[in-house]
Structure formats: structure tokens, C-alpha cells
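Everything below concerns the one structure shown next.
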Number of protein chains: 2
Amino acid sequence: MAKKLEFTPEVQQIARFSKALSHPVRVYILQKLSKMNSCCYSGDLVEELPVGRSTLSQHLKELKYAGLIQGEINPPYIKYCINRENWERAKKLYIDFLNENHSVNIPCGETEPLTHL
Amino acid sequence: MAKKLEFTPEVQQIARFSKALSHPVRVYILQKLSKMNSCCYSGDLVEELPVGRSTLSQHLKELKYAGLIQGEINPPYIKYCINRENWERAKKLYIDFLNENHSVNIPCGETEPLTHL
DNA sequence: TTTATATTTCGCAAACATACGAAATGTTTT
DNA sequence: AAAACATTTCGTATGTTTGCGAAATATAAA
């Protein structure tokens, strides 16, 4: 009878961050921004990514909405950087989530090849 | 001139795992399965989740496709468990990805409140 | 063999995501 | 003021995701 459970804030936040990370263009941008200690122009990114300017702009908007990047307006450019605070928050969330296993269980049969991965 | 970059396998795999993790129902299922060292019936899950049986079945199918769970047929039930091998793989991928920052950079201005998080 | 149970697949509808080019915005240079 | 530039927003097309209930599948119990 426990129907209609409320998801915990952690579960909801993992789902939100994961949605932001669910497209290779966005993963690439975050990887680049987190590696290069400085920031990055939209115009630089469009050169190396297989999408047009307006599409890239939407991906950047989504990452900004998710709180993972921030933009500094530096006319006529906009420099994008990692939002370190939320990046650390994401790290904690994922590490906690992925470490939650209490012990190793008995394998459960039927492990298939997964050729598509 | 470096247009049309190929995404690395790591970037693509993070995007795939993240897609699987981009819905609270699926995050909840993985959290539960990774915590409880044993397995879980679809019928038990439907009791505590705000979706119907057929919808839950689709979410389970997606997690299975992503390689994160596996099902042991134990008629007339199907027991689902974490796929430990790929769960560990995901852990490594995310930890590497989230630790890739080379140093702390100069903050980049324009940090907004993010009330929706 | 019929009935009950657990789960999945099918068919459909509504909402969302991804992509593009054209037009809009705002700034700098001429 | 006009031209050039970087970027975003708008409108639109197309595909994918999420959800449901009904029908299908397959096993167990009566």
C-alpha cells in the first residue's frame, strides 16, 4: 500500500544531472571545461563539434540550467566555465550513489554479451 | 578546421549511462538494487513506485539494455539484480570524468541562484 | 483443462529533445 | 551611422521518451 512514493532530493538530483549528461556533445563540453582550468568560447567549441551554432547554444543553455557551467559575458564573446561548486556537488552525489552497494551479492544468472556498448 | 570530431568511447559511454540514469524511477530502482545485496521482483517495485506495471517494465528494459541490471527468470516471477560488472565500470567512468579537473580556476562571474535545483 | 498470477509487448497519445536556418540582439570597429 | 562579428532566440521539422490500458505470453495452482 506504499504507492506514490516521493523521490528523495538525491534521487531527483541524480536524475537531473544525468539528464544534462545524457548527450555526447554536453559530456564533451563538460570534459573540456573541467580539464582546461580556464574558460571557453562558444565559437571555439562550434569549430570542434558536429553541430551548428544554434544547436550548440541550446546545449550550453541546458548545462547552464542544470548548474554545471556558467557564462561570463565579455563582449562580444561569452566565456563559459565549469561551475566548480555544483561540479563538486555532482561528484559527491555520484560517488555516494555508486558506492551504495552493501556487499557483493550472488550473481543472478543471465548475463548477456551487451554488444551495443 | 577540426570540424566533425569523433567522440571518444568514454564520452559516448558516459552519455549512454547518463541517459539510463536520467529518470527518477530508474535512479530509484538502481539505488534499491545496489543497496539490497539481493534481487527484486517487478511486482514489489510497482507497489512503491508512482507508475503502472507496463511503464515499469519499460524502465526495467532500458536499464537492462544499458547493461546496469540483469533479470533472472524464476517463474512466474522475474528477479532483477544489479549487474555488478557494469556497475563497477560506471563507477570508474564517472569518477574519472568528475576528477578530470586539472586545478581550480579563477571564478568566472555570473553565478546565479539556481532555485530550481 | 480451466483459472489465477506475473510480466511483457502492442498501440496509441502527449510531451520532450535534437537539429537546422533565419531573424533578432547587442557590441565593436570602421 | 553603418558594417561586421558573436551569440541567442524563434519557428519548425523530426524523432524519442514516457505514460497508459488492453491484449499477449507463459507458468502455477485448482
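Here is the naming used below: chain letters follow the sequence lines, and residue numbers restart at 1 for every chain.
By the side-chain hydrogen bond (donor to acceptor under 3.5 Å, both in side chains) test, H59(B) is found to be paired with R26(B), residues two or more places apart in sequence or in another chain being considered. Judged as a side chain to side chain contact (heavy atoms under 4.5 Å, CB included), and not counting sequence neighbours, Q58(B) has no contacts.
Taking CZ from F17(B) and OH from Y94(A), the interatomic distance works out to 12.0 Å, rounded to the nearest 0.5 Å.
Side chains of E48(B) and Y28(B): a donor-acceptor N/O pair is present below 3.5 angstrom, by distance only.
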Exercise. Using a 4.0 Å heavy-atom cut-off, write out nucleotides 6-17 of chain D from 5' to 3' as B (base contacted by protein), S (sugar-phosphate only) or - (no contact).
Key: SBBB-------S
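Within the 4.5 Å cutoff, the side chain of I73(A) has heavy atoms near those of the I78(A) side chain. Side-chain contact between I29(B) and Y80(B) is absent, with no heavy atoms from C-beta onward closer than 4.5 Å.
In this structure, Y65(B) atom OH and dT8(C) atom C1' are separated by 18 Å, rounded to whole Å. The CD1 atom of I29(B) sits 13 Å away from the P atom of dT7(C) (whole-angstrom rounding). E72(A) places its CD atom 15 Å from the P atom of dT27(C), with the value rounded to the nearest Å.
Put simply, H59(B) has a side-chain N or O that comes within less than 4.0 Å of OP1 or OP2 on dG19(D).
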